[in-house]
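I have placed the structure first, in the form of C-alpha cells, so that the comments after it can refer back to it.
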Amino acid sequence: MKEYIKNKKDLSHKIKAIYMWWHKPAVDSEFLQSLPNLKVITSSGVGVDHLDLKLISSFGVKVANTPHAVSNPTADMGMALLLASARRIVEGCEIAVSSDTKYFEADWLGEEVTGATLGIIGMGSIGYKVAQRAKAFDMKILYHNRNQRKQEEEQAVGAIYCKKMDDLLQQSDFVMLIVSLTPETHKLIGKRELELMKPTATLINICRGPVVDQDALVHALQNGVIKAAAVDVTYPEPLPRDHPLLKLKNIIITPHIGSATSKSRWVMMENMVENILSGVNGLPLPNEVHP
Ligand SMILES: O=CC(=O)O
C-alpha cells in the first residue's frame, strides 16, 4: 500500500480515511506523512495494540475500532475453549477417529464445569459477556479488573470482585484472560502467577499472546504447575512448527479466531463504514479510541 501511495501522489492527497483489516497496512510516521488529508483510521476488531495512538493523534487523525462486532463471538470462544479443555474434546476426537481401538479402554476423565470457579481477568464488555455465559453453567465467578463493576452488574451475574489478582489466581479452577495488551499487561501472567494457580487449574487466553510469558507457560504445562491451557492467541502467530507448545497434550491452540463468525464480519464492515462516514464528515466517531 505504501508503494502504491508513493506512486500516486495525486491520489494520496484525496485519501481522507483508511480501514485496517487485521492490522494491515502498518501505520507509521512515513505512512501518515504521505496522507496529508487523512482524518480517520478505522481498525477491524477491538484491540488497537498494533497502533501508536499518540503518534496518529499528533497528525490530527482519529482512530476507531469495532468492539460491538467482536464481543459476543469472542465470549463464545472463551466458553468454547473452557468447555473443550475441561472435557478434553480435542483429545477425545483424536481417540474417536484413531485406528488404535485400545485407546477406548483407557481410564480417561475430564473435569466438570458446573460449580467450578472461573476467574476472569479483565471485566470489560467481553469479560462481562463471559460472566453471563458462565452463570448459566452455575459457575462461581471471580473477577479482577482495574475498576470494580457496579453492584447491580456484579449481582446480575453473581460475580465477586478480587482487588488482588493473586487472590483470584489462587482460588480459580479456570482463569480466563480478557485484557487489552498494554505495557502494564505485557507478560501479566508469568512464572510467579502460574505458580500461584492451583495445580488442577486451566489457563484460557482469548486476548493477546504476549499477556502470558510463553516460556513460563511451556514450563508450567510440562511440569504440572497447572493442569492445562487453552489459547486462541500466541506469539508469534502462527507459532513456528517446532515450538514446544505444539508438542504438548495438555494445551488446545486455536489460530486467533475469537471473532471469526460470518455475522461478526458483517457487523465489523458496517461499523467501519459508520466510523469512516462520521470521520470524513467531521462528526463524532461512533467507536473512537482515544490515546
Ligand atoms: O483480536 C481481535 C480483536 O482485537 O478484535
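In each ligand, atom 1 is the first atom listed, and ligand 1 is the first ligand listed.
- Here is the list of ligand 1 atoms found below 4.0 Å of a heavy atom in V70: 5 (O).
- Any N or O atom pair closer than 3.5 Å counts here, and H256 shares at least one such pair with ligand 1.
- Residues V46 and P67 come closest through the heavy atom pair CG2-CB, 3.9 Å.
- For atom 3 (C) of ligand 1, the closest non-hydrogen atom of the protein is V46 N, 3.4 Å.
- A salt bridge does not link D213 to K191: none of the charged nitrogens lies less than 4.0 Å from a carboxylate oxygen.
- The shortest N/O to N/O separation between G45 and ligand 1 does not fall below 3.5 Å.
- Using cut-offs of 30° and 60° on the angle between ring planes, the pair Y161 and Y143 is tilted.
- On a distance-only criterion, R208 and ligand 1 share at least one N/O pair closer than 3.5 Å.
- Looking at E111 and K227, a side-chain N of the basic residue comes within less than 4.0 Å of a carboxylate O on the acidic one, giving a salt bridge.
- Ionic pairing of K249 and E94 is present here: one or more N-O contacts between side-chain nitrogen and carboxylate oxygen are shorter than 4.0 angstrom.
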